[in-house]
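Basis for what follows: all heavy atoms, side chains included, without hydrogens, waters or symmetry-related copies.
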Amino acid sequence: MRALPCLLLLTLALLGGCDKRTGGDAVFSADPMLGCYATHPRKAADFRIDQEQGRYYVSFNRDDQWQRETTPLQQARRDEVASYFPSDAEQIDRALVRNSAGFRLFHLKPGASLRGKAKDSDYMTLVLIGAGPVFRTACG
């Protein structure tokens with residue numbers, strides 16, 4: 001019985017570390033789009049997604065400094081998702097896009113089997129320089 005209060009405190013401590021405005025360690029955020037992402041599971045974060053006043057923003061890690069893009073990301077409509085994944089759109093849960101700068105982040109549904117998907121990540125990205133899986137990681 002004494003383990004339950006300890007577990008509750010641990011859970012609250014982990015969730016308390018999530019600061020949606022600064023990125024915090026948003027790996028534990030209830031919103032699957034918020035947090036930091038890297039191109040390899042053991043690599044430092046390359047970009048992060050924050051939310052402010054209901055709008056999503058991407059920041060890129062450049063020379064160990066977070067540089068936030070001023071244009072907010074948009075949640076993609078189903079027809080937009082289908083334009084990126086014509087035969088696999090039903091496997092995409094959500095997508096954030098910024099067409100003007102060629103940035104797209106996709107959260108895949110559980111069990112998705114898209115070509116190019118990493119078996120240990122539920123995220124993929126498309127950017128001007130390429131496409132592929134990304135991994136949620138600590139924002140540190």
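Using a 4.5 Å heavy-atom threshold, the side chains of L108 and D93 count as separate. With contacts defined as side-chain heavy-atom distances shorter than 4.5 Å, the pair L96/F103 does not qualify. A heavy-atom distance below 4.5 Å is found between the side chains of K117 and D122. P41 has its side chain out of reach of T137: every pair of non-hydrogen atoms, C-beta onward, lies at least 4.5 Å apart. Two residues are said to be in side-chain contact when any heavy atoms from C-beta on lie closer than 4.5 Å; K43 and T39 meet this criterion. Contact check for Y56 versus L105: no side-chain heavy atoms found under the 4.5 Å cut-off. Here the side chains of L34 and I49 are in contact, with some heavy-atom distance below 4.5 Å.
Put simply, F60 and Y57 are part of two different groups of oily side chains (I, L, V, M, F, W, Y) that touch within less than 4.5 Å, one to the next.
The two residues D46 and A38 come nearest to each other via the heavy atoms OD2-CA, 3.3 Å. Shortest non-hydrogen contact noted between G35 and C139 is C-SG, 4.3 Å. Across all non-hydrogen atoms, the minimal contact from N61 to A45 is ND2-O, 3.1 Å. Between M124 and L114, the shortest heavy-atom contact is SD-CD1, 4.0 Å. Shortest non-hydrogen contact noted between A131 and L126 is CB-CD2, 2.9 Å. Considering every non-hydrogen atom in both R78 and A89, the closest pair reads NH2-O, 2.8 Å.
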Dump the intermediate steps for side chain to side chain contact (heavy atoms under 4.5 Å, CB included) on H107 and R136, then the final yes or no. CA-CA 11 Å; H107 180 245; R136 245 171 140 186; over 6 Å; no
What's the verdict on salt bridge (charged side-chain N to carboxylate O under 4.0 Å, His left out) for E69 and R55, showing C-alpha distance, side-chain angles and the deciding distance? CA-CA 12 Å; E69 299 294 316; R55 301 179 109 182; over 6 Å; no
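At a threshold of 4.0 Å, the pair R94-D31 counts as salt-bridged, since one of the basic side-chain nitrogens sits closer than that to a carboxylate oxygen. Taking the charged nitrogens against the carboxylate oxygens, R104 and E80 have no contact shorter than 4.0 Å, which rules out a salt bridge.
How far CZ of R115 is from OG of S87: 9.5 Å, rounded to the nearest 0.5 Å. Interatomic distance, CZ of F106 versus CD of Q91, reported as 13.0 Å (0.5 Å rounding). To the nearest 0.5 Å, the span separating NE2 on H40 from OG on S121 amounts to 11.5 Å. R77 contributes atom CZ, which lies 12.5 Å from atom CD of Q75 (distance to the nearest 0.5 angstrom).
When each of L73, T71, D50 is checked for a side chain to side chain contact (heavy atoms under 4.5 Å, CB included) with V58, only L73 meets the rule. For the pairing with C36, the side chain to side chain contact (heavy atoms under 4.5 Å, CB included) check across F135, F47, W66 returns one residue only, W66.
No side-chain donor from either of Y37 and R48 sits under 3.5 Å from a side-chain acceptor of the other.
Within 6.0 Å of the CZ atom in R42, the count of heavy atoms belonging to other residues, nucleotides or ligands does not exceed 12.
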